[in-house]
Amino acid sequence: GFTHDFWLGKYQLNSGDDKFLTRWMVAHGWLTPVQVCKEAELLSTMKPNWRFLKQVLRWTRNTWRSDIRSLFTERYVWTQHPYVDKLINPLTLLVGPVLVMIVIYKSTIPVEKGGYHLPWWNVLASWMVWLTATRTAKLLPHLWNRPQDIIHVPAFIAFGYYFAVMKLYALFTLHETGWGTRTGIGNIAEATAAMDAQNAGGGAAATTTARAGPGVDSLMKRRQNL
C-alpha cells in the first residue's frame, strides 16, 4: 500500500496519496468518472506566503512520479486514459519564448544576409498580443463570474512560465520526498525534534493541570460524564 511505497525502491514517499489511490483504481479496473457540480467541489488550503511555492513543488514531484509510473511501469493508462499532455506541457510552453527569441535575433540581421524582414519589435508585440489573448480566453469561464480578476491575467501568465521551469527542476529532484511545508515529515531528525517538542508541551500541560488543584480534575470528570 501507500505506507510502503518507494521511489526507485529506496526513497520512501511521504506524500502523493491521492495519486497513489488513483493509479491503484486504474490498475484494478475501477472506473473514475468526473463529477462537475458544486456538491463535488473541493477546496485546498494554500499557504499565504512563500511556502506556497514549496507546496506546489511537492505536488509537481508527486505528479511526475505518478505519471512516469503510469506510463512506463504500470502502463494501464495507455489503454484506458491515453492523455499525456501534462507530461510534456513544460516543454511545449517553454519552446514558445525560445522560438520568439530566435526570430527576434534573425530580425536584427539584414534580409540580404539571411535575416527576416519583420522588425524585432513587431515580432515581440505580436507574440505578447497572442499570448495575452489566448491566456485570457482560457480564463473566460472564471472571468465570466469574476470580471474584476482581469487585472490578474499578467500574473497568471508569468506564473505559468515560472511553473514550467519549476516542473523541469522537480523532474531532476524526484529523489527528494520530504513534505516541504510540515516539520518532520520525510526527515528523521526533524521528526524526532518535533516529537520531543510535542512531548515537552504535553508534560507542561499536565504539570499546569496538577498545579491547578483538584477542582480542575473534578471539572474534567464532569465533562467526561456529560
Side-chain angles (χ1 to χ4, degrees), residues 7 14-16 18-19 22 34 36 38 40-68 70-71 81 83-109 115-183 185-186:
W7 174 249
N14 302 290
S15 61
D18 53 344
K19 295 285 187 181
T22 302
V34 178
V36 184
K38 294 293 291 185
E41 187 176 281
L42 297 177
L43 300 178
S44 182
T45 302
M46 303 295 180
K47 300 297 180 182
N49 47 40
W50 62 270
R51 295 174 68 193
F52 167 70
L53 299 179
K54 285 190 172 183
Q55 194 174 26
V56 175
L57 181 59
R58 183 182 74 245
W59 294 339
T60 306
R61 285 176 177 144
N62 290 335
T63 299
W64 273 119
R65 297 188 195 102
S66 182
D67 287 353
I68 291 174
S70 296
L71 291 170
H81 306 282
Y83 304 106
V84 295
D85 63 313
K86 288 297 182 181
L87 188 71
I88 61 176
N89 174 260
L91 302 177
T92 57
L93 187 62
L94 294 176
V95 162
V98 173
L99 293 178
V100 169
M101 286 188 290
I102 293 175
V103 174
I104 289 177
Y105 169 73
K106 295 283 286 186
S107 298
T108 61
I109 301 175
Y116 295 149
H117 66 282
L118 288 175
W120 67 268
W121 58 265
N122 194 313
V123 176
L124 182 60
S126 300
W127 179 63
M128 294 296 294
V129 170
W130 172 84
L131 191 63
T132 304
T134 54
R135 295 303 184 272
T136 304
K138 184 178 181 179
L139 295 175
L140 282 181
H142 174 78
L143 296 176
W144 180 265
N145 296 318
R146 289 183 55 87
Q148 64 271 28
D149 288 346
I150 190 71
I151 63 174
H152 301 304
V153 170
F156 172 76
I157 296 174
F159 182 78
Y161 283 100
Y162 170 80
F163 186 49
V165 175
M166 175 186 282
K167 290 186 75 170
L168 293 180
Y169 171 76
L171 177 61
F172 292 99
T173 56
L174 295 180
H175 61 283
E176 297 185 17
T177 59
W179 195 268
T181 55
R182 295 186 185 180
T183 303
I185 298 182

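Both backbone and side-chain heavy atoms feed into the values below; hydrogens, waters and symmetry mates do not. Here, residue 1 is the first one in the sequence, and each next residue gets the next number.
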> Over all heavy atoms of both residues, which pair between Arg65 and Glu176 is shortest? Give the atoms and the distance, please.
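Distance-wise, the nearest heavy atoms are NH2-O, 2.8 Å.
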
> To the nearest 0.5 Å, what is the distance between CG on Leu118 and NZ on Lys106?
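Between Leu118 CG and Lys106 NZ, I get 13.5 Å after rounding to 0.5 Å.
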
> State whether the number of non-hydrogen atoms from other residues, nucleotides or ligands found under 6.0 Å of Tyr105 atom OH is greater than 12.
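Count not over threshold, so no.
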
> Nearest heavy-atom pair of Ser107 and Pro119: which atoms, and what distance?
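Answer, listing the atom of Ser107 first, then Pro119: CB-C, 4.1 Å.
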
> In residues 125-133, what donor-acceptor pairs under 3.5 Å come from side-chain atoms, sequence neighbours left out?
residue, atom, partner, partner atom, Å
Ser126, OG, Asn122, O, 2.7
Ser126, OG, Asn122, OD1, 3.3
Thr132, OG1, Met128, O, 2.9

> Rounded to the nearest 0.5 Å, what separates atom CG in Leu53 from atom CZ in Arg58?
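So the CG of Leu53 and the CZ of Arg58 are separated by 12.5 Å.
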
> Compare every heavy atom of Phe163 with every heavy atom of Val56, then report the nearest pair and how far apart it is.
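Nearest heavy atoms, Val56 then Phe163: CG1-CE1, 3.4 Å.
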
> Could you give the distance from OG1 (Thr108) to OH (Tyr116), rounded to the nearest 0.5 Å?
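Between atom OG1 of Thr108 and atom OH of Tyr116 there are 11.5 Å.
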
> Taking only residues two or more places apart in sequence, or in another chain, which ones meet His142 in a side-chain contact (heavy atoms from CB on, under 4.5 Å)?
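side-chain contact (heavy atoms from CB on, under 4.5 Å) check on His142 returns Arg146, Asp149.
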
> Measuring from atom NE2 of His152 to atom CG of Leu139, what distance do you get when rounded to the nearest 0.5 angstrom?
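Separation between the atoms: 11.5 Å.
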
> Has the side chain of Ser66 got a donor or acceptor atom that lies under 3.5 Å from a matching backbone atom of Thr63?
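Absent.
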
> Where do Tyr161 and Leu94 come nearest, in terms of heavy atoms and distance?
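Of all heavy-atom pairs spanning Tyr161 and Leu94, the closest is CD2-CD2, 4.1 Å.
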
> What are the two closest non-hydrogen atoms of Lys167 and Trp64, and how far apart are they?
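Heavy-atom minimum between the residues: O-NE1, 2.7 Å.
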
> State the OG1-CD1 distance between Thr136 and Ile150, to the nearest 0.5 angstrom.
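Reported to 0.5 Å precision, the distance equals 5.0 Å.
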
> Roughly how far apart are Tyr169 OH and Leu174 CG, rounded to 0.5 Å?
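Answer for the OH-CG pair, Tyr169 versus Leu174, is 11.0 Å.
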
